[in-house]
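Take a look at the structure below.
Just so it is clear: chains get the letters A, B, ... in the order the sequence lines come, proteins before strands, and each one is counted from 1. These numbers come from a predicted model, not from an experiment.
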Amino acid sequence: MFVAAVLVMVDYFLKIPGTGPAVVQLQNWGIILTAFTLGFGAVNLFYLHTRHISRRTPGQWPFSIWILVMIVVTAVIGVATGATGKQYSWWYNSTYFALSATVYSSLGFYMTTGCYRALRARNVEAALLLVVGAIALLRNAPAIAVGVPIIIPMEAWLSAVPTTSAQRGIMIGAALGAIALGVRTMIGRETGFLGRLTEAERRGGT
Amino acid sequence: MLVSGRIFALGMLIALWIFIVGAMEMAKKKLPTFRKLSGLDALPEMVGRAAEMNRPIHYTTGLGELTGTVAPQLVAGLAVLGYVSELAAKYGVKVIYSVYQAQVMPIATELMKEAYMRAGKADAFNAEEQIRYLSGEQFAYATAVQGIAERERPAANIMIGPFYAESMMFSETFFRIGAIQLAGTARGYQIPFFAVVCDYLLIGEEIYAAGAYLSKDPVQCGSIQGQDIGKVIGWILMFVGVLATAAGSPIIINLLKT
Amino acid sequence: MAVDLGSVIQIWIAALFTIWIYSIAFRDNVFFKFAEHTFVGVAAGHGIVYGVDNVLRYGWAPFLKGGVLYAVVFLLGLLLYTRYHKKYFWISRFPLAVMVGIGIGLSMRATVTAEFIAQIQSTAAMKLLGVDAWTAFSNLLFIIITLTVVYFFIFTFPGMHKGNLGIISKIARYGMMAAFGYSFANTVLSRFNMIFGRLDFLMSEWLPLPGGMVAMPVVLILLVYAMIPAQKRPWPKPKQPK
Amino acid sequence: MSKGKGFWARLEDVPREVLYAILLIVFIIPMLNPMGFPVPISDAAKKWYATIDALPAGSAIMIDFGYSGGGEPELGPMAAAVYHHIFRKGGLKPITMSTSIDGTLLWDKVIAEVNPEKYGRKYGVDYIHIGYIAGTETAMAAVGKDLRATTNTDYHGASLDQFPIMQGIKDASSFKLLICYTTGGDQSEGWVRQWNTPYKTPYLCSVIAMMVPTMLPYQKAGQIVSLLAGAQAGEMELLVGMPARGIKSADVITLTHLLVFAFVVLGNIAHYGRKASERARGG
């Protein structure tokens with residue numbers, strides 16, 4: 001791991017003949033290995049749900065069978081007829097596409113009640129959030145922005161100044177966090193990635 | 001040999017490496033001190049309120065796995081769980097921990113048991129009742145948590161870890177039942193929902209600091225101190241850079257471009 | 001518009017799933033559970049399909065063309081699955097280490113430039129003098145918020161937050177709250193666009209189909225029935241736990 | 001709800017089913033009676049349009065279909081409108097890849113909607129899809145460093161050698177522009193890190209609206225030329241002169257946003273009304 005990471009970095013920062021092709025090769029390996037991991041989700045589900053089925057977990061095991069059936073059916077159609085074939089495309093659009101689009105959109109309902117019940121001017125911070133949110137909300141409604149044009153420059157300013165600057169501050173902090181995570185992983189102090197816990201974590205961090 | 005335009009970046013990366021590893025070594029000898037985290041300060045009050053009302057506290061750490069990129073967030077959530085359990089044990093308040101990851105169950109059990117022991121209330125701990133594995137599927141887990149909220153009406157709800165789309169469902173449901181809420185996640189897209197609804201907030205990286213501070217783990221504490229040095233450097237570069245630009249000198253900009 | 005039978009069936013399946021998933025916003029029910037479990041299963045299957053596709057295309061094909069090294073990658077890829085074995089799970093760490101190593105190397109080398117140095121540079125280049133008063137004010141505010149937010153996230157030097165310095169964190173929180181308000185509004189926009197997409201599908205593709213208008217009320221009535229708690233509805237009764 | 005509850009408390013506690021029902025009604029009314037509300041065109045959309053317009057003939061464009069099914073209502077119309085622009089202008093080489101496992105199938109949808117034949121554009125000559133490549137940032141870096149060493153086939157598995165559009169395409173330096181449509185931060189930020197940072201490829205980025213705020217700092221720092229929410233697809237459709245799904249949503253979005261605004265106001269009135277009445281009763 002250390003070698004792979006250092007090689008990729010050296011190739012970027014230094015001009016050393018020979019590293020280029022090696023890194024090209026290495027990156028292709030990365031792609032293939034990642035492709036292998038795409039099956040993990042299915043294996044995890046398989047483990048979990050065979051357990052539900054063998055224990056006849058009330059209210060769950062018939063659905064567990066159904067999940068396994070769906071995994072197999074999808075995989076068979078996709079692998080047999082090709083991932084970009086007509087048949088698989090039909091199956092994808094009937095099931096996965098409709099379901100995933102709907103699942104995430106259903107959160108819109110919760111947001112509506114959240115707006116009604118929770119968006120309150122409790123204190124200065126919440127009031128700021130409320131006011132900025134309300135202005136952006138109105139700007140996002142196209143016809144309102146046309147009818148009340150003053151809202152367009154207001155929203156543009158809110159987006160360009162307070163939002164961008166705060167996000168930038170957060171981004172700088174998060175970038176350092178990502179680098180620190182990388183360092184810890186490379187020197188073997190952050191073994192979470194490798195499916196094993198450090199002693200401290202094993203004890204739950206107390 | 002060096003690629004021009006990337007020299008400063010390389011230097012910065014090496015410097016950060018040294019700061020982070022150095023601070024980790026230092027932390028083994030003496031842990032760094034942390035600034036106040038206002039979210040954590042609210043915990044005794046939340047537990048006290050639950051004790052007064054004689055109702056449980058609900059705790060959850062969101063999705064993700066201990067083997068993925070969000071693992072540090074999960075670990076931070078577990079560290080705070082330990083602290084909350086100890087506080088709650090002292091006040092005789094029941095903590096309900098809703099779990100999404102089966103792999104977390106044994107860790108959480110041990111962690112809470114130890115916390116109850118530290119508080120001298122080892123008998124009060126009932127793992128089966130308090131640590132509930134709900135489901136390994138996002139929306140099944142989310143609906144199950146909402147079910148707990150509706151049935152058991154916890155006085156407080158604490159959510160720290162990697163949260164995804166369920167953040168709004170949780171915060172809205174617990175708000176409706178009148179629970180006092182503390183939430184924290186480093187997943188940028190979800191922070192706004194917590195900010196809108198929850199009473200107390202740990203923003204982004206604050207959860208790592210909270211986890212490190214409570215766990216007293218030298219690797220984590222040191223790593224945070226190393227990052228802090230990086231932030232100070234970044235801060236100074238920006239500050240001096242702004243002044244230099246105002247004075248008409250591109251010195252900092254040119255330095256950063258090398 | 002002539003629609004072939006395949007498309008008709010597709011639209012019917014998709015429409016039913018759409019309605020069933022939305023029902024969760026009202027109450028948990030068996031139709032939602034069915035749709036949800038289908039989602040989980042198909043999603044996992046979809047992962048397999050594209051995993052196989054990529055492995056064949058980028059691993060198997062070059063191997064057949066004589067890329068012997070690819071045999072090693074193939075083996076490493078298969079070894080990833082030892083993680084499910086109680087005894088040999090540690091073997092999976094080797095391929096995982098290669099994968100994670102590449103990922104970390106790629107991300108670290110660019111993060112330091114893209115998200116640290118470039119952001120600092122862009123902030124440092126903001127002009128306070130020689131611009132009109134409003135721009136100067138906006139830039140000043142921008143710089144102040146960025147600096148205070150970075151300051152806010154410094155945790156281990158408590159002296160930096162003592163006494164009057166606490167005001168810095170306060171400004172940072174105000175800045176971030178404004179940003180969160182903006183994000184919140186944008187999320188409403190995203191989610192509503194998604195709902196629009198689904199409703200538009202139901203209304204312009206499903207309902208015009210023969211039988212769509214008749215089927216909709218039936219589907220809805222069944223859903224409402226499924227939402228009635230099991231104890232209160234005449235059928236099916238829940239099994240009595242002993 | 002007991003009798004003792006006052007008007008304000010009851011207003012604050014309206015059952016969520018009622019709120020949802022109102023929301024659904026407000027969604028459906030404009031879909032039944034389109035009102036044709038106007039849509040203002042933002043500067044970011046104009047900049048996006050101008051960037052593509054200014055490309056010299058023969059420029060290759062890397063397009064990433066990096067979104068998943070959930071983002072289709074936003075990003076599908078956006079991608080379609082941009083394709084209309086590219087195909088109408090002509091002489092450009094849009095080469096598509098996907099960093100999302102839904103990308104290839106969603107691309108088929110968009111191409112069917114755009115109908116390149118109408119512009120006389122042919123697959124393999126005027127546009128192409130080189131497939132889903134796993135690994136997100138690893139894939140971007142690999143394609144940027146040496147495209148042909150990474151993949152030799154299009155998304156159906158046909159050899160790239162037979163397609164004239166691929167002639168002279170070697171690596172990131174062969175591309176004059178990068179466009180990414182995505183629902184994931186790994187993708188939108190990954191392209192900044194893996195292409196814009198090392199190769200300085202100008203980058204146009206369209207994400208779902210909720211991701212826009214986190215991407216803003218990149219735009220400010222010049223790493224992204226123009227950042228658009230997929231929800232702004234209507235603006236792009238107007239610029240291109242092909243009104244489609246994006247414009248259709250404008251009525252609905254306007255009314256539902258007004259409703260949410262009203263909900264926020266009403267919720268606050270109810271909340272503070274209840275507090276005031278409780279105080280008045282000495283509670």
Side-chain angles (χ1 to χ4, degrees), chain A residues 1 4-5 8-9 12 29-33 35-36 38-39 41-42 45 63 66-67 70-71 74-75 78-79 83 90 93-96 98-99 102-103 105-109 111 125 128-129 132-133 136-137 140 158 161-163 165-169 171-173 175 178-179 182 185 193-194, chain C residues 10 13-14 17-18 21 25 37-42 44-49 51-55 58-59 73 77 80 93 97-102 104-106 108-109 111 115-116 119 138 141-142 145-146 149-150 153 175-182 184-185 188-189 191-192 194-195 198:
Chain A
M1 171 167 61
V8 171
M9 281 195 265
Y12 179 76
W29 286 28
I31 292 171
I32 299 164
L33 288 176
F36 269 103
L38 288 173
L45 287 177
F63 289 118
W66 181 245
I67 281 194
M70 281 293 111
I71 296 179
T74 309
V79 174
W90 182 88
N93 281 310
S94 311
T95 56
Y96 187 61
L99 285 161
T102 314
V103 161
S105 72
S106 70
L107 295 165
F109 291 100
M111 300 208 54
E125 284 182 8
L128 256 172
L129 197 155
V132 174
L137 205 59
N140 285 344
L158 287 173
V161 181
T163 308
S165 57
Q167 291 289 355
R168 176 170 288 170
M171 181 184 281
I172 291 173
I179 292 169
T185 310
F193 266 125
L194 297 185
Chain C
Q10 180 181 64
I13 300 176
F17 279 143
T18 303
I21 290 281
H37 284 85
T38 312
F39 175 49
V40 174
V42 175
H46 190 56
I48 297 183
V49 170
V52 170
D53 171 75
N54 262 237
V55 168
Y58 306 124
V73 198
L80 276 169
R93 283 191 207 133
V98 175
M99 205 175 87
V100 170
I102 299 166
I104 286 176
L106 283 173
M108 271 173 84
R109 72 180 198 187
T111 298
E115 275 126 39
F116 189 67
Q119 304 305 324
S138 298
L141 189 66
F142 187 105
I145 296 178
T146 305
V149 171
V150 172
F153 286 111
M176 285 191 280
M177 287 301 157
F180 295 153
Y182 185 81
F184 187 82
V188 173
L189 177 59
R191 298 296 184 213
F192 280 11
M194 291 180 187
I195 298 182
R198 296 320 294 162

Is chain A contacted by the side chain of [X], its backbone, both, or neither, given a heavy-atom distance below 4.5 Å?
X: C:Phe142; result: both
X: C:Val52; result: side chain
X: C:Tyr182; result: both
X: C:Leu189; result: side chain

Max heavy-atom pair count under 4.5 Å with chain A, selected residue of [options]:
options: C:Ala14, C:Gly59, C:Ala25; value: C:Ala14
options: C:Leu141, C:Asn54, C:Leu80; value: C:Leu80
options: C:Leu106, C:Ile13, C:Thr38; value: C:Thr38

- Message: Just by distance, no angles: are the side chains of A:Thr102 and C:Arg198 close enough, under 3.5 Å, to form a donor-acceptor pair?
- Response: yes
- Query: If every non-hydrogen atom of A:Val161 is compared with every non-hydrogen atom of C:Ser138, which pair is closest and at what distance?
  - Reply: CG1-O, 3.6 Å
- Compare every heavy atom of C:Ala179 with every heavy atom of A:Gln167, then report the nearest pair and how far apart it is. NE2-CB, 4.5 Å
I need the residue from [options] with the largest number of non-hydrogen atom pairs under 4.5 Å to chain C.
options: A:Ala83, A:Ala178, A:Ala42; result: A:Ala83
options: A:Gly173, A:Gly133, A:Gly41; result: A:Gly133
options: A:Leu158, A:Leu38, A:Val132, A:Leu99; result: A:Leu99
options: A:Tyr12, A:Phe36, A:Tyr96; result: A:Phe36
options: A:Ala35, A:Ala136, A:Gly182, A:Ser94; result: A:Ser94

- Message: Can you list everything that forms a side chain to side chain donor-acceptor pair (under 3.5 Å) with A:Trp90? Sequence neighbours excluded, please.
- Response: none
- Hits for side chain to side chain donor-acceptor pair (under 3.5 Å) against A:Ser105, two or more places apart or cross-chain, chain-then-number order -> C:Tyr22
- Task: Please look at A:Leu33 and chain C and tell me whether the side chain, the backbone, both or neither of the residue comes under 4.5 angstrom of a heavy atom of that chain.
- Result: both
- Query: Non-hydrogen atoms of chain C under 4.5 Å away: do they reach the side chain of A:Leu137, the backbone, both or neither?
  - Reply: both
- NE2 (C:His37) and CE (A:Met70) are apart, to the nearest 0.5 Å, by 12.5 Å
- Item | From CD (C:Gln10) to OG1 (A:Thr95), nearest 0.5 Å | 9.0 Å
- Are any of the side-chain heavy atoms of A:Ile67 and A:Ile71 separated by less than 4.5 Å? yes
- Item | Side-chain donor/acceptor of A:Thr74 to backbone N/O of C:His46, under 3.5 Å | no
